Amino acid sequence: MQTPVTRFAPSPTGHLHIGGARTALFSWAFARGRGGGFVLRIEDTDQKRSSDDATRGILEDLRWLAIDWDRGPDAPNEQTDTGGPFYQSQRLEIYDRFIAQLVDADLAYPAFDTSEELDAMRAEAKAAKRTFRYVRAPGYDRAAAMERMQREQHVVRFRMPPEAITVHDVVLGEVTTSADELDDFVIRKADGFPTYHLAVVVDDELMGVTHVLRGQEHLNNTPRHVALQRALKRDDGTPFRTPAYAHMPLIFNPDGSKMSKRDKDKALKAVVRDLGGVAKAMEHPGRGAITADEASLEAWLGDKTAQLPTDALDGLARAFNVDLPEINVEDFRAAGYLPEVVCNYIALLGWQKGSDVERFTIAEFVERFDLDQIGKTAAKFDREKLLAFNFDTMRELGVEALAARWREWCARYDEALPAQLGERFELAAKMAQPRAKTLRQLREPIAFTLLADDAIEYDEKAVQKSLLKNDGAGLALLGELRTMLGELDDWSPEALDAACAAFAETRGVGMGQVAQPLRVAVTGAGVSPGLGETLALLGYKRAVARIDRCATLANE
RNA sequence: GGCCCCGUCGUCUAGUCAGGUCUAGGACACCAGGUUUUCAUCCUGGUAACACGGGUUCGAAUCCCGUCGGGGUCACCA
């Protein structure tokens with residue numbers, strides 16, 4: 001087989017979607033596993049929706065996932081690469097050349113319909129229960145049209161040949177589309193930009209792409225692309241080739257709906273409703289993050305199709321302290337998933353080697369991956385399983401490596417934490433490791449130490465159960481424990497555990513009788529990591545301060 | 001609605017192309033038990049699926065047809 005060249009061609013209209021990440025991962029792995037090339041191309045032909053910010057975000061997301069490209073934006077040798085530039089908006093002359101080629105051969109033609117006229121035609125077809133198809137009128141006056149296109153705004157349409165087209169898909173097999181399903185589609189818009197269909201075909205040919213991996217939603221477009229490939233010739237006269245296609249199954253939400261950016265919007269609308277509507281939400285402590293006015297929010301809430309920008313969505317979610325569903329790669333990063341785990345998990349969504357092996361490194365994936373193992377069925381995204389994978393990987397990392405990853409994550413999402421923990425950072429990581437499934441959750445098991453000593457709130461049930469019950473037996477023990485702790489000069493977790501065990505031994509009580517009062521006194525709750533670790537994390541001064549405050553409060 | 005794709009435990013899937021070794025395997029989740037100073041971790045065990053109906057065959061999860069169900073797509077978005 002020829003050395004493959006694959007590509008990932010995102011449209012920079014937002015963050016990288018998790019489904020897009022899988023497409024990128026598979027394309028990349030396929031090329032890397034066979035010594036092939038991987039191209040990154042930015043499909044920014046929609047002037048209104050594309051943005052540089054989105055492009056930057058997508059590049060960053062790909063890098064985080066460790067997906068690298070050898071040709072494309074920011075590639076080391078971008079300037080000398082063949083096939084560039086890799087932004088479609090910079091390739092307009094190239095597209096125009098091929099469009100002219102088609103028009104000259106009468107394989108494409110200018111059309112002057114307004115959008116109102118097109119809408120009317122569609123409405124008419126719908127009323128007559130016909131499928132709308134745009135085909136060039138039999139009496140089309142080409143000469144007049146060619147003259148008219150010099151001075152009038154127009155689109156260019158491709159003359160779809162009246163024949164059925166069969167696509168040989170690596171995943172789905174042969175898919176045939178009959179001629180009456182296809183019409184004369186637009187290849188250049190009125191603004192002079194090519195449409196996706198034209199640009200993708202021209203670029204894949206010119207960039208030497210041999211295998212196109214993409215989502216199944218593109219399956220219906222493929223016959224158009226094949227028709228274009230058959231009509232076009234390179235400048236040297238050689239015909240375009242049709243690459244191998246592999247359409248991958250879609251990724252769904254657990255409820256079976258398509259996983260999309262709109263899910264976040266939907267989730268936030270539900271949150272605002274739960275809060276009691278916009279007016280109530282504006283009274284929420286986190287309302288400072290709300291930049292929109294009440295009226296526009298009201299309009300948004302009342303309109304099912306209205307969507308807030310992603311950044312506004314994320315801002316509000318933080319303000320209301322709710323978690324929105326993770327949809328974009330950036331969401332998973334912020335939620336504290338490890339990139340290699342995200343790759344491992346999404347690889348499993350629609351791909352399986354035919355064995356029981358589910359956990360693998362990216363290098364192993366590259367080695368094993370092949371197109372014929374891609375499944376046909378859409379997969380529901382299961383966060384529980386992702387969480388389980390992330391948890392396992394965090395454990396396998398070992399404390400030191402985990403702490404390093406946590407630090408990296410904090411630098412971006414929880415800047416104050418490392419400073420707060422100081423040199424106890426690694427101990428905190430060790431304590432939280434078996435109790436957290438994400439880097440973000442690592443904070444929770446050790447949150448008690450982040451509070452000021454006089455700010456901890458005591459859980460009444462725990463106080464009752466461990467301190468006050470049996471005429472305050474626990475409270476009484478607490479006083480002795482304080483003394484015992486004061487005599488210790490080794491405040492390591494091990495020494496503390498040993499001292500508490502010895503104390504219990506001499507008192508003739510179980511370890512639980514000793515541990516629970518102490519635990520409640522220093523953390524406020526009946527639940528915390530191991531007692532020795534819990535005390536060590538606080539240190540002698542803070543632990544004693546908390547014990548004293550607890551005793552005072554309990555006596556009141 | 002037209003066209004297209006898909007249908008194995010709750011979820012992701014192995015098995016389907018080359019029908020028997022499948023009383024259908026694994027993972028996540030769930031349930032039960034064990035270890036443990038709490039919570040977790042950890043260990044052991046368990047529940048759970050071939051969408052339905054026909055056909056072909058000695059034999060069907062696997063091949064064929066139909067039904068039902070789910071999804072995609074019908075733009076001067078990609």
Side-chain angles (χ1 to χ4, degrees), chain A residues 9-13 43-46 48-50 88 111 113-115 118-119 122 126 129-133 153-157 169 171-173 175-178 180-183 185-197 199-200 214-223 247 249-250 252 254 256-258 345 348-359 372 375-389 391 395 431-436 445 462 466 497 500-501 504 510-516 518-520 523 525-532 534:
Chain A
S11 176
T13 56
E43 307 221 325
D44 53 352
T45 54
D46 185 337
K48 286 186 286 292
R49 297 200 304 150
S50 299
Q88 290 186 330
D113 316 83
T114 64
S115 55
L118 287 169
D119 286 346
R122 288 197 187 91
K126 194 171 182 183
K129 296 194 172 174
R130 284 193 338 262
T131 307
F132 174 72
R133 290 178 59 234
Q153 207 179 55
H154 62 278
V155 300
V156 176
R157 287 181 181 268
D169 189 273
V171 175
L172 301 168
V175 181
T176 301
T177 306
S178 67
D180 54 11
E181 292 299 321
L182 275 359
D183 69 353
F185 57 94
V186 173
I187 55 176
R188 187 172 65 200
K189 301 180 263 186
D191 65 2
F193 276 63
T195 60
Y196 161 71
H197 304 299
V200 81
R214 48 162 55 151
Q216 234 172 65
E217 72 267 22
H218 287 294
L219 183 59
N220 292 311
N221 289 148
T222 313
H247 287 94
L250 267 16
F252 291 134
S257 60
K258 190 180 174 185
Y345 180 73
L348 248 19
L349 253 27
W351 176 83
Q352 168 65 253
K353 181 68 187 174
S355 68
D356 288 340
V357 179
E358 289 198 311
R359 304 290 315 282
D372 58 10
K376 299 178 177 184
T377 36
K380 288 175 185 159
F381 195 94
D382 184 1
R383 283 188 183 75
E384 292 294 339
K385 188 156 179 167
L386 207 215
L387 241 16
F389 276 27
F391 176 66
R395 297 217 71 201
M431 291 165 68
Q433 191 174 36
R435 295 173 173 80
S466 302
D497 275 329
C500 290
M511 182 63 172
Q513 304 286 306
V514 174
Q516 283 311 93
L518 212 41
R519 172 171 279 119
V520 172
T523 69
V527 173
S528 87
L531 185 64
T534 297

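Just so it is clear, the values below take in all heavy atoms, side chains as well, and ignore hydrogens, waters and symmetry mates. In this text the structure is predicted, and so the values were computed from the model without any measurement. In what follows, every chain begins at residue 1, and chains take the letters A, B, ... in the order their sequences are listed.
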Would you classify [X] as touching base, sugar-phosphate or nothing, given that sugar-phosphate means primed atoms plus P, OP1 and OP2, and contacts are heavy atoms under 4.0 Å?
| X | value |
| --- | --- |
| A/His247 | nothing |
| A/Leu118 | base |
| A/Arg395 | sugar-phosphate |
| A/Asp191 | nothing |
| A/Asp180 | nothing |

Please state the [atom1] separation for the pair [N] and [M] - nearest whole angstrom.
| N | M | atom1 | answer |
| --- | --- | --- | --- |
| B/U21 | B/G59 | P | 15 Å |
| B/U8 | B/C52 | C1' | 14 Å |
| B/A48 | B/U73 | P | 38 Å |
| B/G34 | B/C28 | P | 22 Å |
| B/G15 | B/A60 | C1' | 13 Å |
| B/C39 | B/G26 | C1' | 30 Å |
| B/C17 | B/U62 | C1' | 10 Å |
| B/G66 | B/C3 | P | 13 Å |

Atom [atom1] of [X] to atom [atom2] of [N]: distance rounded to whole Å?
| X | N | atom1 | atom2 | value |
| --- | --- | --- | --- | --- |
| A/Asp169 | B/G72 | CG | C1' | 14 Å |
| A/Lys189 | B/A75 | NZ | P | 15 Å |
| A/Leu250 | B/C12 | CG | P | 13 Å |
| A/Glu181 | B/G2 | CD | P | 11 Å |
| A/Lys380 | B/U13 | NZ | P | 11 Å |
| A/Phe252 | B/G70 | CZ | C1' | 8 Å |
| A/His197 | B/C77 | NE2 | P | 10 Å |
| A/Tyr345 | B/U13 | OH | P | 8 Å |

Donor-acceptor pair, side chain of [X] and main chain of [Y], under 3.5 angstrom:
| X | Y | value |
| --- | --- | --- |
| A/Thr13 | A/Arg49 | no |
| A/Arg122 | A/Phe132 | no |
| A/Asp497 | A/Gly532 | yes |

- request: Check A/Thr45, A/Val155, A/Val156 against A/Arg188 for a side chain to side chain contact (heavy atoms under 4.5 Å, CB included) and give me the one that passes.
  value: A/Val156
message: Going by side chain to side chain contact (heavy atoms under 4.5 Å, CB included), A/His247 matches just one of A/Asn221, A/Leu219, A/Asn220. Which one?
response: A/Leu219
Nearest to side-chain heavy atoms of [X], which nucleotide of [options]:
| X | options | answer |
| --- | --- | --- |
| A/Asn220 | B/C4, B/C76, B/G7 | B/C4 |
| A/Lys376 | B/C5, B/C6, B/A78 | B/C6 |
| A/Val155 | B/C76, B/C5, B/C12 | B/C76 |
| A/Gln216 | B/C5, B/G7, B/C76 | B/C5 |

- line: Per-nt protein contacts along nucleotides 21-40 of chain B (heavy atom under 4.0 Å; B base, S backbone sugar-phosphate only, - none) come out as ----BBBS--------BBBB
Does [X] place a side-chain N or O at less than 4.0 Å from the phosphate oxygens OP1/OP2 of [N]?
| X | N | value |
| --- | --- | --- |
| A/Arg133 | B/C74 | no |
| A/Thr45 | B/A78 | yes |
| A/Arg130 | B/C3 | no |

message: Are the side chains of A/Ser11 and A/Asp46 in contact, using a 4.5 Å heavy-atom criterion?
response: no
message: For the residue pair A/Thr534 / A/Ser528, report whether a side-chain donor-acceptor contact shorter than 3.5 Å exists.
response: yes
- request: Take A/Glu358 and A/Phe389, measure what side chain to side chain contact (heavy atoms under 4.5 Å, CB included) needs, and give me the verdict at the end.
  value: CA-CA 10 Å; A/Glu358 289 198 311; A/Phe389 276 27; 4.2 Å; yes
message: With salt bridge (Lys or Arg N to Asp or Glu O under 4.0 Å) as the criterion, how do A/Lys385 and A/Asp382 come out once you've worked through the C-alpha distance, each side chain's angles and the decisive distance to 0.1 Å?
response: CA-CA 6 Å; A/Lys385 188 156 179 167; A/Asp382 184 1; over 6 Å; no
- prompt: In the strands shown, is B/G1 matched to any nucleotide by a Watson-Crick or G-U wobble pair with both distances under 3.5 Å, and which?
  reply: B/C74
